[in-house]
Structures are given as structure tokens and as C-alpha cells.
Enquirer: 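Once you've had a glance at the structure underneath, I'll fire off some questions.
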2 protein chains.
Amino acid sequence: MHPNINKNEFKWLRRISMKFINRRDFIRIERSSVSLAFKKGETILKQGEQPSHVVYLERGIVKFSYQNEAGKNLILTIVAAPKILGGANLFYKDNNLFSFVAVDDCDVVLIDAQVLLSVMENNAKFSIMLFQLASGMFKKSILNFISLAYKQKEGRIADIIIYLSAEVYNSRDFTLTLTRRELAEFAGCSTENVIMTLSKWQNENVIAAEGKQLQIIDMERLKHISKIA
Amino acid sequence: MHPNINKNEFKWLRRISMKFINRRDFIRIERSSVSLAFKKGETILKQGEQPSHVVYLERGIVKFSYQNEAGKNLILTIVAAPKILGGANLFYKDNNLFSFVAVDDCDVVLIDAQVLLSVMENNAKFSIMLFQLASGMFKKSILNFISLAYKQKEGRIADIIIYLSAEVYNSRDFTLTLTRRELAEFAGCSTENVIMTLSKWQNENVIAAEGKQLQIIDMERLKHISKIA
DNA sequence: GAAAAAGTATTAAATATTTAATGCTGTTAT
DNA sequence: ATAACAGCATTAAATATTTAATACTTTTTC
């Protein structure tokens, strides 16, 4: 699919794993893994496929993309490196519920699920640590979903802007790697809604939006909108 | 809080655990647990509290209830016994994200989280099994949320009716233990919407609704509504 | 480098959803 | 027993959201 480009570094994963598993097991995982680079827009793992690997995202931004029965694309969440993706898939033997798509150029390591599972079976604390990581991500998605499911347009859009700032770009002034359409797929509304809402907030001096550049000027106001809408 | 009423039976939990942990560990868990009975409407575990126990639901139906910043009640999901609740809470040390409220009379066993965790630390396979259980529940909630977040009213209501039939009451003809208001909190719409939609489907012979009694007459139709709406 | 495609933006009309007002029914508390 | 309350139901008006039509800009493709 893609050439083996970057070195198998595993920096973050190594740091968090070394407390729990020995060097031999770590090397076993490393040996059975493949490093790949994905360009913006490429699919790392496809919805419906049998999950044979766990994805370790080393660099870049990834969207969790879901296509519903009507063929409509939805974005469940967006995450930035470093992160382990597909934890739930690993432990629940079923087809992938959604796709992982690169939103930015990404470096990922595909870890063989069988090998990882066999290391886990001999290292309870390592398993629990991975479980905790997955639970933390789960918790964040739940909050995202609560916003999506029970708030209306403005509250949802405010929430994703705050989320992107806090969890993905780590700044109040960032260059969006998502299109307005993708923002809409994430916020569960139409593209027009996103565009109009951003324009409105621009006029009200809540944000400054110039093409892909987005700056949150009045975070308090945005949080207030998130609360009331 | 509540008197210790029923015997500490653990039937289902014992069955699924015995493959993984020895009798001594199981008894350790059992000894540190408390059996309680909750009446319809009572809160088993409250949003915002520190999670010190994992809840094993032995009998009854429980709603996962969330109160948002605006004070509005939302139902995240509804589950029937037997089931382990609060897996994610166990492994992610943070306050409870939501409450568990009895929707029916319930028998539950509160398992001491510290004891369970220490047993898990010595039994990797047991940990992985619990992880798999939690992942399965996670996956179902995700599908619920996708429906809530990206479908409109009729599709969402169709989905929760199908869900209740398949996962909670295990029949196409059941006595609702939820009020219309609770259905609305689950579907993320107003009570009026639920009432009107059910009336409409009643007229169209998709369902038969007589007070608390609900029968799905035309499941195909309902699934079709779920798809297109 | 030009043509085509995708992204951004705005508006008006059509549709969906919530809110508010009202009445009926059955249950609970005193 | 009855007043008070919660649940169920219906309608109309107010509000929110999507769809459709159109235009301009930027990016991609040949």
C-alpha cells in the first residue's frame, strides 16, 4: 500500500509501555509492526474491514469517519498524535465500525493485533494501562456525542471549535486542516450552517476566521454559547 | 443507603469469570461486595461522585442518565440485566460522567473497585475479558449516538424503539417501563415529538401503542424509517 | 496555463422541531 | 374522597434547520 518510510520510533508508546513490559516483549511488538506514512486524505483503516492491526498514530491528525446507511459521511471525532487508535476494535472481534482517515500528513505504526494481544495476556498491568488509555478516549467521545445529540447547531459548532483548539491544535490560533464541509460532518449539520455561524461569530468578534486560519478571540463567549445552545 | 436484601448470587458473573480466575479470587471479590435492591426511580450511582464501586446489575433495567449544564436530563442508554456497568469508570479515575437510575426494580451488586482491580492485576486474561465486555457495550453506545447525532426525529425514535425491543425487552411486544418523557430524553427530542410520532405510526399500522403496552407490528417499515430519516 | 473541480459564501423558500397553550386521564397524598 | 400532580395527547405559533439556487475563489488536473 505504502512504502516503509520512517524509522520505527515508537517514542511515546515506548515511554508509556516500558514501565509495564520488558524489553523483549517490546521488541516483539516492534518487530511485528510496520511503519507507514499517509498523505492528507488517505484512508489508514477502512470501515467494515476485519481489524488485524492496532494503529499507533505517531505524527499527524486523523478523523474517525463513518458512512451511514444513506451513504452520508459523518465524522465521529478527530484526534492528534501521539495516540493509540482502535483499542475498542482490538478487544471486540468485529469489523471496524468506522474508518481512520488522515486529515494531515501522518506517520503511523500498524501493530499486529495478535502479537499485542499475546503480550497483553502475560502482562496484566500493561493490559490495564491500555484499557485506561482507551477509556479516556471513550470518555472524551462521549462528551462529544452528548453535545452532538442534545444541543443545537450553535452549541455543537462552538463545542467542536473549542475541542479542536484544546485537543487537536493546542492553541487558540490555528490553521484548520479541515474544510467547512468536514466541520459540518463533525458538527452534524449542513455546510451552510457552519459557514453562516462562523461568519456571524466573526461579525460579533468572537472569532477571527480568514480562510483556513482560525483564532478564538472570546473564549468565554464561546463557552457561554456552548452552554445555552 | 439501602438494606442488604438479596443473596449475593452473581450467577452470570460467576459463569463468565470462572474460566479466568480461581475460586479464591472470586470469593475475595464476593466478600468485598454488597448486594442491594433498588426500587423504580432510585439512583444507584450518581453523576459527579467519585467512583468507588463497579456495578453488577443482576436483575432489572437501568438508565444512564446525564444532566447537562442547562439542567436538562438526557438518557444516554438503557440496559437490561445481567450486565457490568461502569467499566469505563473503573479504569479511568475520574468522577462519574453520568448517573445510573433504576427504571424497574433492580437487584445490583456493588463490587469494590480496588479489590477488583487488584484481582485484575494478577489475571491478565480476566482483565482482557472485562475489557472485551466493556468494549462491546461501548460499541453499542456508539451506534446509539450516531443515530442520535446525525439522524432526525423519526429515525431516532425508530432506532430507540428497535433498540428497546432487541436489547432490553427481548420481544416485539412489551410493556414499557419508560414514560413518554423518558423516551424523549433518550431520543433527544421533545415529549410532543415522541407522542405525535407514536400516534402517527399507530395510525399507519407500524406499531400498536396502548398506554405502556407497545407492539411492533411492521418491523421492516420501522427499519426503513430508521434508514431514511 | 487553462479548464474543471472543490471549497467558500450568501440568500430565500421549504421543511422540521420546539414551545406554549389546553384538556383529558389516571395516580398519589392528605 | 378529593385535591394535586404527573403522564398522555393534540394543536397552533414561533423558531431552527435544511435544501436549492447562485456566485465567487481557490485548488487540482490535464
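Below, read A as the first sequence line, B as the second, and so on, with proteins coming before strands; counting in each chain starts at 1.
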Enquirer: Using whole Å, report how far NZ of A:K151 lies from C1' of D:dA16.
Expert: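 Interatomic distance, NZ of A:K151 to C1' of D:dA16: 17 Å.
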Enquirer: Take the protein atom CD of B:E182 and the nucleotide atom P of D:dC8, then report the distance between them rounded to whole Å.
Expert: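 My rounded result for the distance is 9 Å.
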Enquirer: Apply the test side-chain contact (heavy atoms from CB on, under 4.5 Å) to residues A:L76 and B:I146: give CA-CA distance (whole Å), side-chain angles for both, the deciding distance (0.1 Å), then the verdict.
Expert: CA-CA 8 Å; A:L76 305 185; B:I146 288 174; 3.8 Å; yes
Enquirer: To the nearest 0.5 Å, what is the distance between CG on B:D105 and CD on B:E42?
Expert: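 CD of B:E42 is found 8.5 Å from CG of B:D105.
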Enquirer: Using 30° and 60° as the class boundaries, would you call the ring planes of B:Y163 and B:F186 parallel, tilted or perpendicular?
Expert: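 Aromatic pair B:Y163/B:F186 classed perpendicular.
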Enquirer: Should the ring pair B:F138 and A:F138 be called parallel, tilted or perpendicular, given that the plane angle runs from 0 to 90° and is split at 30 and 60?
Expert: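 B:F138 and A:F138: perpendicular rings.
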Enquirer: Round to a whole Å and report the spacing from CD of B:Q152 to P of C:dT18.
Expert: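 It works out to 11 Å between those atoms.
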Enquirer: Using a cut-off of strictly less than 4.0 Å between a heavy atom of the residue and any atom of DNA chain D, enumerate the qualifying residues of residues 190-200 of chain B by number.
Expert: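 Within this stretch, B:E192, B:I195, B:M196, B:S199 sit under 4.0 Å of the strand.
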Enquirer: Can you tell me how far P of D:dT17 sits from NZ of A:K72, to the nearest Å?
Expert: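 Rounded to the whole Å, the gap is 13 Å.
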Enquirer: Find the distance A:K212:NZ to C:dA6:P and express it as a whole number of Å.
Expert: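 Atom NZ in A:K212 sits about 14 Å away from atom P in C:dA6.
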Enquirer: Hey, is the side chain of B:K153 poking within less than 4.0 Å of OP1 or OP2 on C:dT18, counting only N and O atoms?
Expert: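 Result: no.
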Enquirer: Checking contacts here: which listed nucleotide (D:dG7, C:dG7, C:dA16) is nearest the side-chain heavy atoms of A:R181?
Expert: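 Nucleotide nearest to A:R181's side chain: C:dG7.
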Enquirer: A:K40 has an atom NZ; how far is it from atom C1' of C:dA6, in whole Å?
Expert: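 About 12 Å, once rounded to whole Å.
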Enquirer: How long is the line joining CD of A:E185 and C1' of C:dG7, in whole Å?
Expert: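 Whole-Å distance recorded here is 13 Å.
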Enquirer: If we ignore hydrogens and angles and just use 3.5 Å, is the side chain of B:Y56 paired with the main-chain N or O of B:P82 as donor and acceptor?
Expert: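 A pair under 3.5 Å: no.
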Enquirer: How far does the helix from C:dG1-D:dC30 to C:dT30-D:dA1 bend, going by the axes of its first and last five pairs, to the nearest 10°?
Expert: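 If I round to tens, the end axes sit 50° apart.
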Enquirer: Starting at CD1 of B:I142, measure out to CZ of A:F64 and round the result to the nearest 0.5 Å.
Expert: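 So the gap between those two atoms works out to 9.0 Å.
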Enquirer: Could you tell me if B:Q213 and B:D173 have a donor-acceptor pair between their side chains, going purely by distance under 3.5 Å?
Expert: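 A pair is found: one side chain offers a donor N or O, the other an acceptor, under 3.5 Å apart.
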Enquirer: Does a donor on one side chain sit under 3.5 Å from an acceptor on the other, for B:Y169 and B:T175?
Expert: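 Per modelled atom types, B:Y169 and B:T175 side chains form no pair under 3.5 Å.
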Enquirer: Quick one: do B:D112 and B:S32 satisfy side chain to side chain donor-acceptor pair (under 3.5 Å)? Show the steps, please.
Expert: CA-CA 6 Å; B:D112 186 283; B:S32 66; 5.3 Å; no
Enquirer: To the nearest Å, give me how far apart CH2 (B:W201) and P (D:dA9) are.
Expert: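 In whole Å, D:dA9 P lies 14 Å from B:W201 CH2.
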